[in-house]
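Both ligands and their constituent atoms are indexed starting at 1 by order of listing. Side-chain atoms are counted along with the backbone in the values below, which use heavy atoms only and exclude waters and symmetry mates. Here the structure is a predicted model, which means the values were calculated and not measured.
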Amino acid sequence: MAKATSQFTCQSCGLVSNKWAGQCGNCGEWNCIVEEGAAAPVSGAKGARMPKGRPSRLVPLKGESPTPPRLKTGIDELDRVAGGGFVPGSGVLIGGDPGIGKSTLLTQAMALLANKGERVIYVTGEEAIAQVRLRAERLGLKDSDVLLAAETNVSDIIATLSEGKPPAVVVIDSIQTLWSPVLDAAPGTVTQLRAGTEALIRFAKQKGTTILFVGHVTKDGQIAGPKVIEHMVDTVLYFEGDRGHQFRILRAVKNRFGPTDEIGVFEMSDKGLKEVANPSSLFIGSREAGTPGSAIFAGMEGTRPLLMEVQALVSPSTLGTPRRAVVGWDKNRLSMILAVLETRSGIPVSTHDVYLNIAGGLRISEPAADLAVAAALVSSLTGTPLPIDAIFFGEIALSGAVRAVGQSGNRLKEAEKLGLQQAVLASRSELPKKSGLNIKSLDDLGALAAWIATLS
Ligand code: TYD
Ligand code: MG
């Protein structure tokens with residue numbers, strides 16, 4: 001048998017190596033590499049004989065398989081992000097920063113499922129039963145039939161779940177508290193996390209139970225983060241938001257049973273999370289007319305158009321290296337837009353401090369936001385307010401050209417629905433035959449600057 005040796009595991013991405021290092025070579029995190037017990041000898045390694053296997057039955061690709069039934073919670077924003085409800089027998093990871101509202105969302109969803117007569121078990125490893133009850137009371141759900149267990153030992157959890165009728169849904173809150181006494185590793189380490197999740201997923205597949213795993217995103221690497229088990233589960237959802245804002249966004253980043261670019265929008269209130277059916281009106285609702293540096297970006301989040309406000313502040317800098325501060329957008333992308341503005345259109349931004357913010361604590365990753373960002377920057381630099389009823393979308397190339405992006409029709413429709421009047425976009429955009437908006441099409445950034453100059 002191969003000799004067991006010590007191994008070092010990155011608590012952020014799970015990379016295993018045979019020596020310690022200050023920084024993980026894979027994910028770049030610092031101080032996240034921890035020595036973890038002994039690696040199990042790999043069967044099939046030198047010296048071990050691979051057992052003889054059984055051939056499996058081959059089936060043609062063509063042919064029908066039954067579509068899996070779905071378990072709908074009744075919270076539309078959650079069901080849609082999950083791909084139309086949860087699939088029985090699947091493993092779902094819900095990741096997010098501590099305190100963002102994961103337990104709140106799941107308590108609400110589980111109470112709704114229990115009300116429909118489903119057997120629902122909430123395993124809490126983090127909070128005492130009394131705390132879970134207190135939360136349910138705050139949410140007005142204290143009479144619900146959700147069953148609770150305060151347990152962290154994986155063997156005991158599986159023994160509990162195996163008793164009686166198999167549960168339809170189980171919540172494990174959180175994966176970081178799972179541990180198994182047979183492993184020589186501390187709770188919260190990659191080894192424990194993987195082993196615990198694997199055992200529970202095996203249970204889920206056997207019994208047809210949906211297991212929802214809660215995972216805290218960790219920054220310091222003291223405990224392993226949800227990235228480590230992303231590949232083991234069928235669906236990965238991230239719950240995001242800024243603690244200073246009440247909006248929360250549930251985003252699917254992996255889904256074996258549905259689309260991955262879907263988002264759900266919630267608002268945290270004193271009575272828990274409320275669904276936001278029309279997020280655009282919320283995100284652009286509180287703008288003031290006549291303020292330079294604000295542009296509305298018509299974005300797409302999955303199948304849904306979403307209007308967001310891009311705010312920029314450009315002011316002369318007293319520093320040798322001007323400040324660039326970005327919240328909710330990619331810093332590198334901002335540097336690129338600034339360089340293109342300066343080089344291609346002669347707009348002097350290199351001597352200015354630039355601050356960029358996406359209102360409401362949102363985060364944009366679409367390149368289609370380039371044009372809105374550029375418009376907000378030029379507007380702030382020149383002190384010219386943009387029309388309050390205009391939307392912007394388009395990608396900016398290094399040449400300074402404004403490029404068309406997909407789904408123009410849906411973006412325009414959303415703006416029209418909210419009573420906006422104008423759309424500023426790339427001249428080669430594919431437009432619907434009829435649109436109630438005034439269209440201003442641009443070829444490049446020079447045309448954008450010239451148009452903004454006509455507004456003052
Ligand atoms: P929680 O669901 O415990 O977060 P997580 O499980 O992601 O760590 O919720 C955390 C925050 O939400 C907490 O700071 C209090 C706030 N909260 C409300 O604002 N309203 C509510 O009704 C509830 C239950 C929590
Ligand atoms: Mg929690």
Side-chain angles (χ1 to χ4, degrees), residues 73-75 77-78 81-82 91-115 120-144 146-152 157 169-179 187-188 193 196-197 200 211-220 222-230 233 235-253 263-276 282 360-363:
T73 61
I75 302 179
E77 298 287 301
L78 173 62
V81 175
V92 180
L93 170 69
I94 299 180
D97 288 332
I100 206 74
K102 301 180 291 297
S103 306
T104 305
L105 178 67
L106 291 177
T107 306
Q108 290 178 258
M110 292 311 109
L112 284 169
L113 281 172
N115 287 350
V120 176
I121 301 183
Y122 196 110
V123 181
T124 163
E126 242 163 48
E127 295 165 311
I129 298 283
Q131 285 171 292
V132 178
R133 286 201 174 128
L134 205 66
R135 177 184 291 113
E137 200 175 317
R138 263 184 81 173
L139 299 170
L141 300 169
K142 72 181 170 67
D143 295 327
S144 126
V146 175
L147 299 167
L148 300 179
E151 192 55 72
T152 54
I157 293 176
V169 187
V170 172
V171 173
I172 304 290
D173 193 357
S174 66
I175 51 168
Q176 275 101 356
T177 58
L178 288 180
W179 68 285
L193 219 76
T197 309
L200 284 162
I211 303 196
L212 307 175
F213 297 93
V214 174
H216 295 298
V217 171
T218 58
K219 300 246 155 38
D220 57 3
Q222 290 301 307
I223 49 171
K227 282 256 172 295
V228 170
I229 64 157
E230 273 188 1
V233 293
T235 304
V236 178
L237 310 178
Y238 274 91
F239 205 34
E240 306 169 346
D242 188 280
R243 281 230 239 154
H245 290 92
Q246 69 272 45
F247 313 121
R248 299 285 182 271
I249 294 195
L250 188 68
R251 202 182 282 276
V253 296
I263 68 159
V265 184
F266 297 89
E267 193 180 347
M268 181 62 102
S269 72
D270 56 345
K271 292 265 179 308
L273 290 154
K274 291 206 180 90
E275 296 179 70
V276 177
L282 205 71
L362 287 172
R363 198 167 48 79

Practice problem: Mind running side-chain contact (heavy atoms from CB on, under 4.5 Å) on Lys102 and Asp173 for me, showing each step along the way? | Solution: CA-CA 9 Å; Lys102 301 180 291 297; Asp173 193 357; 6.0 Å; no
Quiz item: Can you name the closest pair of heavy atoms from Gln176 and Gly225 and give their distance?
Solution: NE2-CA, 3.9 Å
Exercise. Please determine which of Val265, Ile75, Leu237 meets the side-chain contact (heavy atoms from CB on, under 4.5 Å) test together with Leu250.
Key: Leu237
Quiz item: Protein residues near ligand 1, heavy-atom distance below 4.0 Å?
Solution: Asp97, Pro98, Gly99, Ile100, Gly101, Lys102, Ser103, Thr104, Arg135, Arg138, Leu139, His216, Met268, Ser269, Asp270, Lys271, Gly272
Quiz item: What closest approach, in Å, do Ala109 and Thr73 show between heavy atoms, and which atom pair accounts for it?
Solution: CB-CG2, 4.0 Å
Self-check item: Criterion side-chain contact (heavy atoms from CB on, under 4.5 Å) on Val276 and Glu77, from CA distance to verdict
Solution: CA-CA 8 Å; Val276 177; Glu77 298 287 301; 5.8 Å; no
Self-check item: Identified side-chain contact (heavy atoms from CB on, under 4.5 Å) partner of Leu200 from the options Val170, Val123, Ile175, Leu178
Solution: Leu178
Self-check item: Ser103 N/O/S atom closer than 2.8 Å to the Mg ion (ligand 2)
Solution: yes
